[in-house]
Amino acid sequence: MTQDELKQAAGRAALDYILPKLDPDSIVGVGTGSTTNCFIDALATRKGCFQGTVASSEASAARLKQHGIPVYGLNSVDSVAVYVDGADESNDRLELIKGGGAALTREKIIAAVAKEFVCIADESKLVGVLGKFPLPVEVIPMARSHVARQLVKLGGDPVYREGVVTDNGNIILDVYNFPIATPTKIEEAINNITGVVTNGIFARRPADVLLLAGKAGVRTLRRK
Ligand code: 5RP
């Protein structure tokens, strides 16, 4: 199976997983990225089963609307039944690195609101220790150099993601050579740097379920 086929399998598995939890009033949180795009395409086949969605990026909102799926602002919904999103890495505690697509802040907000966070990925994303994937940090533009210096003090090697402006008008620093042995502590330490909007460690609010697509099928891993 190709990686694209694994992503499609994960997207379909997410639909199967969430359908029994939905009713016609439900709002579905939708993440960002190529795996989530497979989920969006699967979701479009079951439009009558939920009321609409909230989206973690303008790109996902556009894809949902192309399918004729309603997209609401987060402030205009009472609750989010379930949030489905991909990840750049997950450990077996379902702590994640996210933000490869620069949508980490809105992703973290919807994950915080959602009753359940379902992460979808192919098996290449499961790691022992987070941090091989460079950690994305969203930063207020004028604080870029200050934040970069603080990230170096924490032991990382920050690199400005050229040409990328987030949906919130900010920039991204990707932190290389930064193994993350204590995800919650590092998440908090980076978020405490003045000028950081948020960082791509999802440990304070990890996923509840990881649907991991491999050659043998889709495995369901639950938070320990
Ligand atoms: C976007 C994300 C994505 O979920 C993450 O980058 C995974 O993307 P893909 O499914 O394309 O591998 O966090 O900000």
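Counting begins at 1 with the first residue of the sequence. Counting starts at 1 for both ligands and their atoms, in listed order.
For the side chain to side chain contact (heavy atoms under 4.5 Å, CB included) criterion with K7, the lone passing option out of I120, T35, N37 is T35.
With E107, K7, E89, Q3 as candidates, the residue nearest to atom 1 (C) of ligand 1 on a non-hydrogen basis is E107. Taking only non-hydrogen atoms, the option from G33, A87, G101 nearest to atom 7 (C) of ligand 1 is A87.
In this structure, atom 10 (O) of ligand 1 lies nearest to the protein heavy atom T35 OG1, 2.6 Å. The single protein non-hydrogen atom nearest to atom 12 (O) of ligand 1 is K125 NZ, 2.8 Å, given as residue, atom name and distance. Taking atom 5 (C) of ligand 1 as the reference point, the nearest protein heavy-atom neighbour is D88 OD1, 3.2 Å. Atom 11 (O) of ligand 1 has its closest protein heavy atom at S34 OG, 2.5 Å.
Using modelled atom types, one finds no donor on one side chain facing an acceptor on the other under 3.5 Å when comparing Y176 with D174. A donor-acceptor pair shorter than 3.5 Å can be found between the side chains of D122 and S124. Using modelled atom types and a 3.5 Å distance limit, the side chains of T198 and E138 yield no donor-acceptor pair. For the residue pair D85/T36, the side-chain donor-acceptor check at 3.5 Å is satisfied.
Close approach of ligand 1 to K98 (heavy-atom distance below 4.0 Å) involves ligand atoms 2 (C), 3 (C), 4 (O), 13 (O). Listed by number with element, the atoms of ligand 1 under 4.0 Å from a non-hydrogen atom of T32 are 1 (C), 2 (C), 3 (C), 4 (O). Interface atoms of ligand 1 facing G86, defined by a heavy-atom separation under 4.0 Å, are 4 (O). Under a 4.0 Å criterion applied to the non-hydrogen atoms of A103, ligand 1 contributes the atoms 14 (O). Each of the atoms 4 (O) of ligand 1 lies under 4.0 Å from some heavy atom of D85. Atoms of ligand 1 found under 4.0 Å from any heavy atom of G99, numbered from 1 in the order shown, are 2 (C), 13 (O), 14 (O). Counting atoms of ligand 1 from 1 in the listed order, those under 4.0 Å from a heavy atom of G100 are 6 (O), 13 (O), 14 (O).
Checked by distance only, ligand 1 and T36 stay at 3.5 Å or farther apart across all their nitrogen or oxygen atoms.
In this structure, G31 falls outside the shell of residues with a heavy atom less than 4.0 angstrom from ligand 1.
Residue P183 comes nearest to A181 through the heavy atom pair CD-O, 3.3 Å, listed as atom of the first residue, atom of the second, then distance. The shortest heavy-atom contact between K115 and A81 is CB-O, 3.4 Å. The minimum heavy-atom distance linking L104 with P136 is given by the pair CD1-O, 3.5 Å.
A side-chain donor-acceptor contact under 3.5 Å links R106 to the backbone of D167. A side-chain donor-acceptor contact under 3.5 Å links N91 to the backbone of R93.
Heavy atoms of A102 found under 4.0 angstrom from ligand 1 belong exclusively to the backbone.
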